[in-house]
Amino acid sequence: MRILVTGGAGFIGSHLCERLLNEGHDVLCLDNFFTGAKENIIHLMDNRRFELIRHDIIQPILLEADRIYNLACPASPIHYQYNPVKTTKTSIMGAINMLGLAKRVRARILQASTSEVYGDPKVSPQREGYWGNVNCIGLRSCYDDGKRVAETLMMDYHRQNKVDIRLVRIFNTYGPRMALNDGRVVSNFVVQALKGDDITVYGDGSQTRSFCYVSDLVEGMIRMMNQDDFIGPVNLGNPDEYTILEFAKMIKKFTGAESKIAFKPLPQDDPMQRRPDITLAKEKLDWKPKVSLDEGLSKTVEYFKSRLKKDS
Ligand code: NAD
Ligand code: UDP
């Protein structure tokens with residue numbers, strides 16, 4: 001198949017492109033390089049089945065593809081809040097453009113949605129039937145509500161135009177190829193620990209997150225795309241939940257760092273708890289994460305060590 005991956009030069013997108021090429025598909029990787037990087041996909045450039053397209057998905061594009069994975073959108077709070085109007089445009093106009101393309105060429109399209117559609121959830125763990133608690137005038141809304149509208153568009157194109165859609169709600173995912181300056185908790189803590197800098201815990205660190213290794217996530221996304229009788233939404237994430245303070249201590253121990261833990265102000269609307277209920281993914285996709293936090297972290301730490309070495 002010919003498969004379009006928007007945001008293909010980003011962290012998750014690059015792993016997805018690699019996996020799809022390994023399965024024998026032709027891959028069109030589309031990216032505007034806002035948070036993605038050529039280094040993430042440089043090793044794929046020699047593959048004759050790989051094509052790179054520099055394009056911004058807020059503009060329409062004419063292409064032919066059998067399947068579309070729509071991942072283009074900055075995912076780290078510091079990056080999506082850098083130009084919030086652009087973030088909203090990327091989610092909404094990007095979804096409209098990709099859905100229009102899917103409709104024209106009759107491609108199946110999978111939208112990378114997020115646990116952020118649940119906002120600061122009042123129930124835990126979060127299951128797909130929960131409608132969420134998002135502050136629509138807050139700093140995170142450009143991302144959260146952008147993704148919520150993208151889900152609305154997916155469902156309406158499906159109901160109105162019979163577009164073949166799939167919806168996955170991704171929970172915090174980590175692994176090699178996260179950007180050094182990404183600003184998310186895993187990359188921040190690992191890089192700070194490796195440099196011996198203070199580990200910056202926002203708030204008192206009692207907020208929780210659950211961390212999924214990238215290869216597990218990619219497996220779930222591919223299983224969902226290949227499902228014929230289930231469109232989602234489905235949660236994809238690891239249900240093992242940690243407080244951020246616990247996680248900071250784990251990283252310190254894991255890396256053997258001398259770093260101190262420094263408490264910084266909690267960003268506005270930072271969700272207090274996040275943990276996926278993955279019953280539906282287990283039932284419909286026979287999917288659950290396989291990579292333990294220890295194994296995933298050791299691969300991630302090795303990656304950041306070699307990145308820091310290269311940059312020094
Ligand atoms: P990332 O920032 O590494 O990747 C996003 C990619 O999209 C980058 O390559 C970026 O350059 C590209 N992009 C951004 N705006 C674009 C535009 N207007 N046109 C074309 N390309 C554009 O982030 P990621 O962690 O790889 O996330 C990928 C997708 O998964 C995103 O849609 C994100 O919302 C979703 N997601 C990720 C996580 C996570 O924990 N990593 C959690 C939930 C959802
Ligand atoms: N966080 C932190 N220190 C950092 C970066 C993040 O304490 O250097 C916290 C952040 O406040 C949030 C959690 O870690 O509670 C996860 O943040 P991230 O930006 O990775 O993703 P989010 O789940 O908030 O979108």
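All ligand and atom numbering here is 1-based and tracks the order in the structure.
At a 3.5 angstrom cut-off on N or O pairs, N172 does not count as close to ligand 1. Considering backbone and side-chain atoms alike, G10 places an N or O below 3.5 Å from some N or O of ligand 1. Taking distance alone, with nitrogen or oxygen atoms compared against 3.5 Å, F34 approaches ligand 1 more closely than that limit. Among the atoms of L71, some N or O lies under 3.5 angstrom from an N or O of ligand 1. The shortest N or O to N or O distance between G36 and ligand 1 is under 3.5 Å. In terms of N/O distances under 3.5 Å, ligand 1 is approached by D56. Residue S115 has no N or O atom closer than 3.5 Å to an N or O atom of ligand 1. Note: an N/O pair closer than 3.5 Å links N172 and ligand 2 by distance alone. Annotation: K86 places no N or O atom under 3.5 Å from an N or O atom of ligand 1; distance criterion only. Considering backbone and side-chain N/O of F11, one or more are found under 3.5 Å from N/O of ligand 1. Checked against a 3.5 angstrom limit, the closest N/O atoms of T114 and ligand 1 fall outside it.
Close approach to R274 involves these atoms of ligand 2, each under 4.0 Å from a residue heavy atom: 22 (P), 23 (O). Residue-ligand proximity, V201 to ligand 2, at heavy-atom distances under 4.0 Å covers atoms 7 (O). Within ligand 2, the atoms closer than 4.0 Å to a non-hydrogen atom of N188 are 4 (C), 5 (C), 8 (O), numbered from 1 in the order shown.
Among all non-hydrogen protein atoms, the one lying nearest atom 9 (O) of ligand 1 is D31 OD2, 2.5 Å. Scanning the protein for heavy atoms near atom 7 (O) of ligand 2, the closest one is Y202 N, 2.7 Å. Shortest contact from atom 27 (O) of ligand 1 to any protein heavy atom: A75 CB, 3.7 Å. Nearest protein neighbour of atom 13 (C) of ligand 2, counting heavy atoms only, is I244 CD1, 3.7 Å. Given atom 38 (C) of ligand 1, the protein heavy atom at minimum distance is I170 CG2, 3.9 Å. The closest protein non-hydrogen atom to atom 11 (O) of ligand 2 is D270 OD2, 2.6 Å.
Contact between M178 and ligand 1 is absent, with no heavy atom of the residue lying under 4.0 Å from the ligand. The closest approach between any non-hydrogen atom of Y174 and ligand 1 is not below 4.0 Å. Remark: distances from the non-hydrogen atoms of S113 to ligand 1 include one below 4.0 Å. For the ligand labelled ligand 1, residue G94 lies outside the 4.0 Å heavy-atom shell. Distances from ligand 1 to the non-hydrogen atoms of R169 include no value under 4.0 Å. At a 4.0 Å cut-off, at least one heavy atom of H55 sits close enough to ligand 1 to count as contact.
D270 has its side chain within reach of R140: a pair of non-hydrogen atoms, C-beta onward, lies under 4.5 Å apart.
A cation-pi arrangement, defined by a distance under 6.0 Å to the six-membered ring centre and an angle within 45 degrees of its axis, is absent between K264 and Y202.
Between R108 and D228 there is a salt bridge, since a side-chain N of the basic residue sits under 4.0 Å from a carboxylate O of the acidic one. In this structure, R223 pairs ionically with E219, as a charged nitrogen and a carboxylate oxygen lie closer than 4.0 Å.
Within the 4.0 Å heavy-atom criterion, both parts of V185, backbone and side chain, lie near ligand 2. Contacts between E116 and ligand 1 below 4.0 angstrom, taking non-hydrogen atoms only, are absent altogether. At a 4.0 Å heavy-atom cut-off, ligand 2 touches T200 through backbone and side chain alike.
Closest heavy-atom approach to atom 16 (C) of ligand 2 among the candidates H79, Q273, R209: R209. Distances from atom 22 (P) of ligand 2 to the heavy atoms of R140, R184, K264 put R140 nearest.
When only modelled atom types and interatomic distance are considered, R177 and S14 share a side-chain donor-acceptor pair under 3.5 Å.
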